[in-house]
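Each remark here refers to the structure printed beneath this line.
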Amino acid sequence: MAHDKKHTDQHAHTDHSGHSEEHFREKHLMLDPLPRGQMNDMVMESMLEKPTWKWWLVFGFLAFVVVYFLFYQWGILITKGQGQAGVMRGDYWGIFLVNTVFWIGISHAGTFISAILRVFRAEFRRPFTRAAELMTTFGLVQAGFSIFMHMGRVWVFYWLMPYPNQRMLWPNLHSPLTWDLLAITTYLLSSTMYLFLPLIPDVAMARDRSTGWRKNLYKVLALGFRGTEGEWTHLRNAMNIFAFAIIPVMFSVHTIVSWDFAAATRPGWSSTIFGPYFIVGALHSGMGAAVVVLAVIRGTMKHMDYFVRGEHFDAIGKLMLIISMAWAYFFFNDYMVQWYGGDKWTQQLLHFHEAGPLGWMWFGMLFTNIVIPWAILWNPKWRANPWLVGFVGIAINVGMWFERYIIIPVSATINRMPFTWRMYTPGIEVPMGIGTVAFFILLYMAASKLIPLIPVWEVQEGQMAHELKKFGRETVVSVSELE
Amino acid sequence: MTEEKKVVDLLAVFSDLAPAADAVEQLRMMGVHDDCMNVISGVPVTEAMLGRPHQWTNVPRIAMGGAILGMGAGIFLAYASPFLYAYPIQVSTQSFVPGPPTVVVIFELTMLGMLLSTFLGVFLDSFFPNYRPMKYVPEISDGKIAIFVECKHVEEKKVTDLLKKLGAESVKPAEAQHL
Amino acid sequence: MIRPDEIKLSAEETGKWGMVINQDICTGCQACAAACAMENNISFVGEEDSGYGRSMHWIRIERFWEGEYPEVKMTPQQPMLCQQCGHATCEPVCPAFATVHSQAEQLNLQVYNRCVGTRYCANNCPYQVRAFNWRDYKRPEPLPNQLNPDVTVRRMGVMEKCTFCIQRIHKAQDKAKSEGREVMDGEFTTACAQACPANAIVFGRVDNPESLVSQLAHKGHGVKHLEELGTLPNITYFKGG
């Protein structure tokens with residue numbers, strides 16, 4: 001729908017700081033509407049752009065890494081046993097669990113962006129909700145892989161599921177791992193459905209503009225969507241329900257993951273603050289990963305610089321700064337209470353964290369999670385720079401991986417039986433973990449060529465609602481509540 | 001006689017919201033019933049914007065039903081499954097139906113039931129998947145608004161002129177085609 | 001809904017098995033560990049894996065010392081094995097119900113053919129007494145001839161731990177039942193207690209006040225390790241007496 005309201009006004013509006021309308025249009029996607037047909041073209045072109053040899057090189061390399069490091073090594077792990085990993089008596093959980101928590105953490109950012117920002121009507125979310133939701137789904141796939149990797153007899157994993165069987169054996173509901181199974185299954189299904197619902201109108205658009213096998217693919221995925229009043233009503237109603245309902249699911253998922261540790265009686269694990277601490281940690285690493293994904297999309301795909309602008313990195317950067325402060329608060333809470341009144345084992349543990357062989361990891365975690373975000377993200381100009389914010393995002397993810405490594409293998413080294421204390425050295429978990437990262441990127445690259453990454457109908461909806469208004473001498477952005 | 005009774009489907013494509021809303025109003029004044037009109041658009045435009053009657057949806061009711069089913073599954077798992085084995089299995093000194101884990105299990109399964117059924121509700125209410133030939137023009141996904149009018153054959157010219165006067169880009173008979 | 005404390009069992013089934021371990025007379029000879037390994041078909045892990053902390057011993061002798069060389073003082077050896085906790089922290093956390101509480105013998109059972117290998121139970125054991133089968137360890141010939149037919153041989157991916165020689169408990173109970181009597185105190189004992197040359201390990205019914213183990217346990221100067229955690233362990237240790 002083409003309505004360039006700006007062009008109807010012949011006078012150039014300027015506000016008191018001299019910002020022209022041009023400036024607003026350049027900065028804000030919502031104030032820079034293009035005809036829908038043109039935006040559709042841009043998104044389709046971006047998706048259909050023929051991959052260069054560089055793209056194929058990266059894709060091929062990642063595919064090799066996935067096949068060899070992930071699947072082949074997993075085969076070795078299954079046939080030779082968990083002895084291939086670095087775990088032993090004293091520390092029975094290692095990097096597989098670290099990766100599980102890490103990937104579930106990353107997946108939370110997608111839900112945050114597409115659900116919480118939608119509920120709070122943060123308009124800046126519009127162009128990247130789908131990119132974020134893809135992160136959630138693909139991240140949960142890696143988390144699922146990682147948890148299966150750690151199981152001693154993974155071929156009987158289905159015994160953990162509730163299903164009627166001849167012996168009438170049901171899973172143990174007392175166990176946090178059973179809650180994990182229910183919560184992660186719920187979350188995976190819900191976020192995939194929540195990814196699919198807003199995708200339907202965009203896939204319908206792609207169907208209308210494709211030929212050949214793509215047209216068949218989109219025709220099937222679009223389910224016959226036309227855009228009738230009824231279809232829009234049902235879709236939006238469902239999306240509203242999802243947005244509100246998936247928020248408590250998201251909170252419950254990472255809380256339950258944290259209870260895998262908090263429900264245990266080990267020093268360093270039995271901490272009452274793990275629930276909210278892990279949620280904030282998940283958002284921390286997730287937003288960092290989201291920003292990296294967006295920076296890469298904007299930098300490598302055609303026309304994405306129209307949809308994803310500095311203002312979006314600025315907004316996410318602000319969120320990252322706040323979440324970093326929240327994480328620091330929760331970390332300090334957990335640490336201070338343990339340091340102050342902790343028993344002798346906890347005191348030993350804290351000392352081991354800071355002054356043990358992996359003390360560099362502990363300090364590195366604090367530096368990348370707190371110092372780097374606080375040093376860079378306070379500045380609005382720096383926040384609008386995609387690559388700088390992307391760098392902060394990578395640093396945060398490194399720091400959060402360190403944090404989970406410290407919570408799981410490092411804390412597990414110190415238990416109440418000093419005779420069993422031993423350093424954990426990773427084994428086959430390293431190549432398999434790298435394999436999951438490669439698989440995540442691989443899935444994302446494939447998705448970027450198969451489905452439209454930008455929810456164009458939501459962008460247009462937002463552009464319809466935004467306009468520039470004069471308040472006295474000042475020109476301000478005005479948002480109408482069209483829903 | 002049959003000629004007069006014959007009903008024709010017209011498809012008018014508008015490029016803007018305001019003319020489309022005008023068209024709906026004018027058509028209603030002309031005597032075309034709301035049920036004989038259908039609006040298709042590339043962005044969700046609310047009924048209020050177009051002056052259309054409220055669109056009912058069953059999705060919330062289906063969601064609620066699914067939530068109740070999910071809660072039932074959770075209650076079964078928490079309260080019944082420990083007693084299905086030959087004798088209840090004792091772990092530590094926790095009771096066979098422990099308090100906090102029951103809350104967790106019932107909550108998760110209720111949410112799962114609600115969200116699965118919401119998704120299903122969209123499919124049911126919209127009759128998805130629908131791969132039969134449907135009346136549609138691809139320009140709609142380019143942001144146009146289309147109005148389907150079902151009117152008697154005799155009124156076809158009147159309706160067509162009215163729509164063209166109000167700014168329709170094109171008015172033609174609607175054909176069902178594969179999407 | 002039956003609560004755990006309401007379960008009624010017949011007289012010969014209500015066992016409450018416990019031990020007394022005298023750390024002062026333990027010499028650290030590891031005969032108990034060897035006997036346990038032979039009785040319970042424990043795998044031979046090898047030097048490398050064992051050094052990394054993957055030994056499969058169900059009972060281990062922990063030795064500590066005080067002071068710096070050359071003023072080093074020995075402290076009592078500490079045989080550590082599954083305490084068969086009344087309030088076991090390992091039981092609720094297994095998602096597959098592979099470690100459950102036996103209401104008949106009041107022992108903590110490990111069900112090998114249900115274990116999926118998540119190892120949460122081992123993480124949650126404060127005594128760190130659980131052994132996991134990290135690999136399919138080979139038994140070079142002629143060691144398979146030594147296997148005890150009363151005990152399952154475990155495969156990789158499955159958790160195991162001390163069972164208070166439950167196969168011996170059952171054998172003695174069956175024998176007593178067929179003879180129409182109760183099991184007598186001292187009629188049988190666990191492999192570790194049987195092998196100990198110093199008689200540092202005493203095993204028996206702690207719910208029978210006349211058994212040797214009860215009398216020793218109630219002498220007064222026994223301690224229970226980590227009992228402040230509320231695990232209700234069934235082994236009393238004598239230390240520094």
Side-chain angles (χ1 to χ4, degrees), chain A residues 1-3 35-37 39-40 162 167-175 178-179 182-183 185-186 189-190 193-194 196-197 200-201 204-205 207-209 219-220 222-238 241-242 245-246 248-249 252 256 457 460-461 464 482-483, chain B residues 15-17 38-47 49 52 55-60 63 77-78 81-82 84-86 89 91-92 94 98 101-102 104-105 107-109 111-112 114-116 118-119 121-123 125-132 134 136 138 140-145 178-179:
Chain A
M1 202 163 359
H3 48 275
R36 172 74 181 272
M39 288 201 290
N40 285 344
R167 283 187 293 164
M168 292 305 237
L169 272 174
W170 295 81
N172 180 4
L173 297 179
H174 302 241
S175 171
T178 309
W179 313 337
L182 294 173
T185 305
T186 304
L189 290 174
S190 310
M193 294 190 284
Y194 193 36
F196 186 68
L197 282 178
I200 297 175
M205 179 274 287
R207 165 199 69 196
D208 293 338
R209 288 161 161 264
K219 196 169 133 178
V220 169
L223 308 171
F225 181 84
R226 292 183 291 159
T228 62
E229 297 162 306
E231 286 170 359
W232 277 121
T233 307
H234 306 314
L235 193 69
R236 295 179 76 191
N237 205 298
I241 295 178
F242 261 88
I246 210 173
V249 172
S252 73
I256 288 173
W457 69 269
Q460 188 192 355
E461 201 188 11
M464 272 166 68
L482 290 183
E483 296 178 33
Chain B
S15 58
D16 231 342
L17 178 60
N38 204 342
V39 182
I40 303 188
S41 55
V43 267
V45 283
T46 62
E47 309 89 49
M49 291 179 204
R52 294 275 292 151
Q55 175 76 40
W56 292 106
T57 175
N58 287 322
V59 169
L77 211 56
S81 76
L84 292 176
Y85 190 60
I89 301 176
V91 283
S92 188
Q94 294 186 9
T102 304
V104 174
V105 166
F107 168 75
E108 288 299 337
L109 286 175
M111 299 307 283
L112 181 64
M114 175 162 79
L115 293 174
L116 278 175
T118 304
F119 190 65
V122 174
F123 278 58
D125 254 352
S126 307
F127 306 107
F128 286 158
N130 183 355
Y131 300 124
R132 287 176 287 128
M134 304 289 286
Y136 183 67
I140 288 168
S141 58
D142 275 344
K144 306 272 191 267
I145 302 183
H178 277 289
L179 290 175

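As the structure is a prediction and not an experimental result, all values here were calculated from the model. Basis for what follows: all heavy atoms, side chains included, without hydrogens, waters or symmetry-related copies. Numbers restart at 1 for each chain; the letters A, B, ... are given by sequence-line order, proteins then strands.
The most heavy-atom pairs under 4.5 Å with chain A, out of B:Gly42, B:Ala78, B:Pro82, come from B:Gly42. If you tally non-hydrogen atom pairs under 4.5 Å between each of B:Arg132, B:Arg52, B:Gln55 and chain A, the highest count goes to B:Gln55. Chain B forms the most heavy-atom pairs under 4.5 Å with one residue out of A:Met39, A:Met193, A:Arg207, A:Lys219, and that residue is A:Met193. Interface check for chain A: of the options B:Gly121, B:Ser81, B:Ala63, the most heavy-atom pairs under 4.5 Å are formed by B:Ser81. For the set A:Leu235, A:Val220, A:Leu189, the count of heavy-atom pairs under 4.5 angstrom toward chain B peaks at A:Val220. The greatest number of non-hydrogen atom pairs below 4.5 Å with chain A, out of B:Asn58, B:Val59, B:Asp125, is found for B:Asp125. The candidate with the highest count of non-hydrogen atom pairs below 4.5 Å against chain B, out of A:Ile200, A:Thr185, A:Val249, A:Thr233, is A:Thr233. Of the residues considered (B:Val104, B:Leu109, B:Ile140), B:Val104 shows the highest number of contacts with chain A, using heavy-atom pairs under 4.5 Å. Counting heavy-atom pairs closer than 4.5 Å to chain B, the top residue among A:Phe196, A:Phe225, A:Trp170 is A:Trp170.
For the residue pair A:Thr178 / A:Asn172, no side-chain donor-acceptor distance below 3.5 Å is found, with atom types taken as modelled.
Closest approach of A:Arg209 and B:Asp142 over heavy atoms only: NH2-OD1, 2.6 Å. A:Trp179 and A:His174 make their closest contact through CZ2-O, 3.7 Å (heavy atoms, listed as atom of the first residue, atom of the second, distance).
Under 4.0 Å is where a charged nitrogen must lie from a carboxylate oxygen, and between B:Lys144 and B:Asp16 no such pair does. Contact check on A:Glu231 versus A:Arg236 returns no salt bridge, with no Lys/Arg side-chain nitrogen under 4.0 Å from an Asp/Glu carboxylate oxygen.
The aromatic rings of A:Trp457 and A:Trp232 lie tilted to each other, with the angle between the two planes from 30° to 60°.
Remark: B:Met111 CE to A:Ser190 OG distance equals 7.5 Å, nearest 0.5 Å.
Neither the backbone nor the side chain of B:Phe127 comes within less than 4.5 Å of any heavy atom in chain A. In this structure, chain A has heavy atoms under 4.5 Å from both the backbone and the side chain of B:Leu116.
Because its NZ or CZ atom is not both nearer than 6.0 Å to the ring centre of B:Phe128 and within 45° of the ring axis, A:Arg226 does not count as a cation-pi partner of that residue.
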